[in-house]
Every structure is written in C-alpha cells, then in structure tokens.
Amino acid sequence: MAISLAITLQQIELLRSSLLEWGKIHFRSFPWRLTDNPYHILIAEILLHRTQVRQMIPVYENFLRCYPELSALANAGKEELQNSLYSLGLHWRIDLLHETAQILQHRFAGKIPRDKQSLLTLPGVSQYIAAAVRCFAWNEPEVLLDTNTVRITGRLLGWEVKDSSRRSARFRQALETLLDREHPRDFNYALLDLAHLFCLKRQPPLCGECPLKIWCNYPREGEKPDEHSQ
DNA sequence: GTCCCGCTTG
DNA sequence: CAAGCGGGAC
C-alpha cells in the first residue's frame, strides 16, 4: 500500500513514540478523559458532536449531575432532557439521545455495548462516536476519522485533503498503519490534541515545534504546496 | 467520490 | 456575511 512507503516501520515506531511523548506534555485534561466509564464517555462524545468543547463542558457536567448513570437517563422524559441540552443547539440530538437511552436500558440490559456493530445501532452514534467510545472506554485500537485527524494525515503524507477524504479508504488505511496499537487511547488523544494545539486549520500550523515535523510533508515556507497525491 | 444542505461560529 | 462540520442523497 502506498503509505508503507515512504516511511519504514522503524520510522513509524519513532513517529509514534514522538507523538506519545508530546501527548503526555500537552494532554488536555477533560472530565471525560479522566474516566473509563463508558456511559460518561458516550455522553461526552454525543454532546461533542459538531460542538465546541468550551461550550459543551458546563452542559456535560450539569448533565451528569442530573443523570449520573444510564438508568437515571432512561427514566427521564424528553421535556426534561430539553432543559439540560437545549442550549447546545442541534436539537434533534435530544430525541436521538432519549431514544438511545431507551434502547440501552431495555435492549442492552442497561450497559453500553463494547462491540462496534451494537454501538452503531444506537441513534446518533456514528462511526466516529462508536470508535471513540471503544477506544477511550476500553482502549480498543480504533482509528478516529474526522476533519482534524484527516488534516494531520494529509499534511503528514503530502496528500491533498478533499471533501471525500474523511470517508476514503486511503486515509483510513493510513491512519490504521500509523495507529499505535499498544497505546490506542494515548495515541488518539495526542492526535486530537495536536490537531487542536499545533496542526491548526485556520491559522498557520506551529510546525517548528511539531513532534512530527521530521516526517511531515506539509509545505514549508518558500516551497510550493506539493501536489503528488490524490 | 461528489454535491448538497442544515446548523453553528467567527 | 462567510466558512466549517458532517450526515445523507445520488
């Protein structure tokens, strides 16, 4: 495959450890990152969907005060959930979460399922959320594909990022190859933190301090953006 | 893969 | 207003 490529396995291992070391230092400490409670993590991922962290944190904390466990959530009516979640926008999410709580309580015996197929049957649980829950709650080796991880991957490998990239097998395989299967949770945290702190989208990325810079194909100043890719 | 669209933030 | 995100239709 293409990515095995320009970089040897040994180099990939170096890249991983470099990223993990950076991740330890720059770890963003959020409440849902300090627990392995699958219910808390699922709630966090659902509330984070297309929503900024800063806006979501107080809502998340209040939400878990009201519904500390799944059974409490499953007993709540929709109107009640509206009060907790309305300020986050994306209001259909409230119905989806209500429905998901019912399914979890009654079809999954009140437990968050660990296998991906089951997770994907839950309304509002996308590929990303299913993978995130499995990785962060159980440290399963899951790849997370979103605009952030796709941006890093594209820059790293010198691949143009297009609208289709987030669903392309090519980008997914690249991340599968890069993923540290010994430390999937730490690897993905580091990747997400790198995207938010260094490998920026709107502003120029902080390449000078990037732990991946010696492997990265992102055009440096003075060079033209690369084109070899697709 | 491409286009589109609803929703949100800057 | 523009741009970003991500799910869905095609």
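The structure displayed is predicted, hence computed values, not measured ones. In what follows, chains carry the letters A, B, and so on, assigned in the order in which the sequence lines appear, proteins first and then strands, with residues in each chain numbered from 1. Atom set for the values below is all heavy atoms of this structure, side chains included, hydrogens, waters and symmetry mates excluded.
- Under 4.0 Å is where a charged nitrogen must lie from a carboxylate oxygen, and between A/Arg181 and A/Glu176 at least one such pair does.
- Residues forming a side-chain hydrogen bond (donor to acceptor under 3.5 Å, both in side chains) with A/Arg202 (at least two apart in sequence, or on another chain): none.
- Applying the ring-ring contact (aromatic ring centres under 6.0 Å, His included) rule to A/His26 yields the partners A/Trp22, A/Phe198; only residues at least two apart in sequence or on another chain are considered.
- Qualifying ring-ring contact (aromatic ring centres under 6.0 Å, His included) partners for A/His106, counting only residues two or more places apart in sequence or in other chains: none.
- The residue among A/Arg167 and A/Arg151 whose nearest nucleotide of DNA chain C lies closer to the 5′ end is A/Arg151.
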Please tabulate the protein-to-nucleotide N/O contacts below 3.5 Å involving nucleotides 8-10 of chain B, giving atom names and distances.
from  : atom 1 : to      : atom 2 : distance (Å)
B/dT8 : OP1    : A/Leu90 : N      : 2.9
B/dT9 : OP1    : A/Gln55 : OE1    : 3.0
B/dT9 : OP1    : A/Gln55 : NE2    : 3.3

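- Taking the side-chain hydrogen bond (donor to acceptor under 3.5 Å, both in side chains) definition, one finds that A/Arg151 meets it with A/Asn148, sequence neighbours left out.
- Rounded to an integer number of Å, the gap from CD1 of A/Ile94 to C1' of B/dC7 is 14 Å.
- Residues in residues 109-144 of chain A take part in these ring-ring contact (aromatic ring centres under 6.0 Å, His included) pairs, two or more places apart or across chains: A/Phe136-A/Tyr189.
- Residues forming a side-chain hydrogen bond (donor to acceptor under 3.5 Å, both in side chains) with A/Glu182 (at least two apart in sequence, or on another chain): none.
- Using a 4.0 Å heavy-atom cutoff across all strands shown, A/Thr51 reaches no nucleic acid atom at all.
- Remark: A/Trp32 engages A/Phe30, A/Tyr60 in a ring-ring contact (aromatic ring centres under 6.0 Å, His included) (not counting sequence neighbours).
- Extent of DNA chain C lying under 4.0 Å from chain A heavy atoms, first and last nucleotide in 5' to 3' order, is C/dG4 to C/dA9.
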